[in-house]
Amino acid sequence: ANFVFVGGAIYTDTRRNPLNHPADFKSFRTINWCLIGFSYALSYMGRYNVNVSNTDQFYAQFALDADQFGQIITVGFWVYSVCVIFNGYIVDKIGARNGILIGTLGASFANLLEGLYLQFTPWLGSKFVVGMCVLFGINNYFQTFSTSAICKAGVNWYHIRERGFFSGIFGVVISFGYFLAFSVDGFFYEKLPVQWIYYIPSALLLTMFLLDYFITAAIPENKFPPETLVTLRGADFDSAHFVEANPGFREVIGPILSQKIFFLFAAIELCVGWSRDGILSWYGKFFDSMFDLDKLSIQYNIAATGVTVGGMFGSLSAGVMSDLFFHSRRPPVAFLNMAGYLTVVILLYICLPNSYLDAILIGLSSIFFSGVHGIITSTAAMDFAGSGATGTAVGLLDGVQKIASGLTGNLMGAIIGKWDWRGWVVSLMPMAVLALCLILPIITRVPEGADLDDKDSSKKLASGKYQSLPSSEAFEMSPSSSPRASNLV
């Protein structure tokens, strides 16, 4: 099922062409985002492998308890939270291609170090936690480059009227990372020594680094002449002016922070971080502790497959619904997905402790948290930030999200320790309710440029819109006679 969804996503991108792009442009764009997307999927394999080891067996091997393991998760997320803001800005300066190269190579190296540490460390308990926190923090630092790079690539290669579909299709490939992390890593965890769930992602990430280096392009102008890009950029676009920009941090971040909509999205992201990673960080431990089920059990694999397929379906359906049924409005889709998530969590509480129903519901939850994560973190950020500031905007939003994700480590571990697994499920509900309350006031808002075919679009957008940042687009536009776009943007 996972491979069917991925293949279907790739096929959809090759066939759907509402703006009538040239065939050679369409073909290379699909190859380009496939490589970048699979690089990020493998980054998930090399990040959530920590969560796979959240088991009683791992605790016994290194003399840990749930609170100590939660500290490792918290440190990783909070390093990610801080670094993704600044690295998002760096990606805006160096471009998507260089961002994904740094991310894949750095994550490969970090996973190698983590595997070596697990294989050879003599430390146990709190000393082990310190070492693992340092290495997991290094891993998360490099992962932040990839996060901003995929959205930077999307905004450069996809028109605003294509980004809902792009977000959905790209989300399918990214959700494939859940399969690699929770199912493939989970299989290796049960069959091989624990260090191999780090060595294997390290090798695969290194492979993707090489492919990205020799094949991918940051912007279409690096591969195609101006006449090929008329359908993407517009007939009056002067590609000679699309050159490397060098804005300061304040120039990039100022226009983003000046928009009230950013702070509302940031508040929603806090809710998404707790809701999403509250499930992903602990559901394996839930089956291990509550039902004594390992990673090869039917129930665990139902949940893991559900998380993967649900993530693919949720991301794809959210993007499709946004573009087809809501005229590229993102908040209505986010609201529906958050409402679905809350419903599933309530049902999960009611069904405890039924391992099969719990597994199904955990899988279903992924449909909804993946949908709202993709539509807010990437698509809405691309809409209001523009291409020049996408990496920074995504970094800011994802950084805020990871603050709450970090709390799912030690705080949620403490909740589970005090109130057991019913407390875990109850703790997922309040943030979902808060997210719904935050989304409701902006449910009718439309991103500028979403209705370009409509001659009266300016009238429709005059009320209830959030604007993309003209100043951020200007970062990539300066008077120049350069005949070729920069390789860095």
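The first residue of the sequence shown is numbered 1, and numbering continues consecutively from there.
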Could you check if a side-chain atom of Ile279 sits within less than 4.5 angstrom of a side-chain atom of Tyr341, using non-hydrogen atoms only? yes

Give the minimum heavy-atom separation between Arg329 and Ser322, together with the two atoms involved. O-OG, 3.1 Å

For the student: nearest non-hydrogen atoms of Phe368 and Asn337, plus distance: CB-O, 3.0 Å

Side-chain donor-acceptor contact under 3.5 Å, Lys152 with Ser148: no

Hey, could you give me the CG/CG distance between Leu348 and Leu428, rounded to the nearest 0.5 Å? 8.0 Å

Any sub-3.5 Å donor-acceptor pair from Glu190's side-chain atoms to Lys295's backbone N or O? yes

Just by distance, no angles: are the side chains of Tyr80 and Ser405 close enough, under 3.5 Å, to form a donor-acceptor pair? no

Spell out, as yes or no, whether a donor-acceptor pair under 3.5 Å connects the side chain of Trp196 to the backbone of Lys191. no

Return yes if some donor-acceptor pair links the side-chain N/O of Ser365 with the main-chain N/O of Ile362 below 3.5 Å, else return no. yes

Is it the case that Lys402 places NZ or CZ above or below the six-membered ring of Phe77, under 6.0 angstrom from the centre and within 45 degrees of the axis? no

Taking the side chain from Asn49 and the backbone from Ile197, do they hold a donor-acceptor pair closer than 3.5 Å? yes

Run the numbers on Tyr283 and Phe182 for ring-ring contact (aromatic ring centres under 6.0 Å, His included), then give the verdict. CA-CA 10 Å; Tyr283 83 87; Phe182 296 112; 5.3 Å; yes

Counting only heavy atoms not in Ile298, do more than 12 sit closer than 6.0 Å to its CD1 atom? no

Kindly give the heavy-atom pair with the smallest separation between Met132 and Val50, and that separation in Å. CE-CG2, 4.4 Å

Tell me if a side-chain donor or acceptor on Arg97 pairs with a main-chain N or O of Tyr213 at a distance below 3.5 Å. yes

Testing the basics here: between Asn139 and Gly46, what is the closest heavy-atom pair and its distance to 0.1 Å? ND2-O, 2.7 Å

Between OG on residue Ser366 and CG on residue Leu361, distance to nearest 0.5 Å: 13.0 Å

Under a 3.5 Å distance rule, please check whether Asp185 uses its side chain to pair with a backbone N or O of Tyr48 as donor and acceptor. no

Leu336 side chain reached by Phe326 side chain, heavy atoms, under 4.5 Å: yes

Side-chain touch Leu364/Ile360, heavy atoms, less than 4.5 angstrom: yes

Start with the C-alpha gap between Phe86 and Tyr89, add the side-chain angles, then the distance that decides, and say whether ring-ring contact (aromatic ring centres under 6.0 Å, His included) holds. CA-CA 5 Å; Phe86 299 101; Tyr89 166 70; 8.6 Å; no

Rounded distance (nearest 0.5 Å) linking atom CD1 of Ile100 with atom CG of Leu211: 12.0 Å

Distance from Phe369 atom CZ to His373 atom NE2, nearest 0.5 Å? 9.5 Å

Testing the basics here: between Leu280 and Asn51, what is the closest heavy-atom pair and its distance to 0.1 Å? O-ND2, 3.6 Å

Arg47 charged N/C atom sitting above Phe136 aromatic ring, 6.0 Å / 45°: no

Is it true that Asp277 and Thr408 share a donor-acceptor pair across their side chains at a distance under 3.5 Å? no

Can you give me the closest heavy-atom contact between Val52 and Thr55, atom names plus distance? O-CG2, 3.7 Å

Less than 4.5 Å apart, side chain to side chain, heavy atoms only: is that true for Glu114 and Ser202? no

Spacing of CD1 belonging to Ile73 relative to CG belonging to Asn140, to within rounding of 0.5 Å: 11.0 Å

Hey, is the main chain of Leu35 close enough, under 3.5 Å, to the side chain of Ser39 for a donor-acceptor pair? yes

Ignoring hydrogens and angles, state whether a donor on the side chain of Tyr178 or Ser183 is under 3.5 Å from an acceptor on the partner side chain. no

Do the non-hydrogen side-chain atoms of Glu269 and Val372 ever get within less than 4.5 Å of each other? no

4.5 Å side-chain heavy-atom contact, Val400 and Phe265: no

Any side-chain heavy-atom pair of Tyr300 and Phe291 under 4.5 Å: no

Got Trp421 and Ile416 here, is their nearest side-chain heavy-atom distance under 4.5 Å? yes

Rounded to the nearest 0.5 Å, what's the gap from CG on Asn301 to CZ on Phe287? Could you check? 10.0 Å

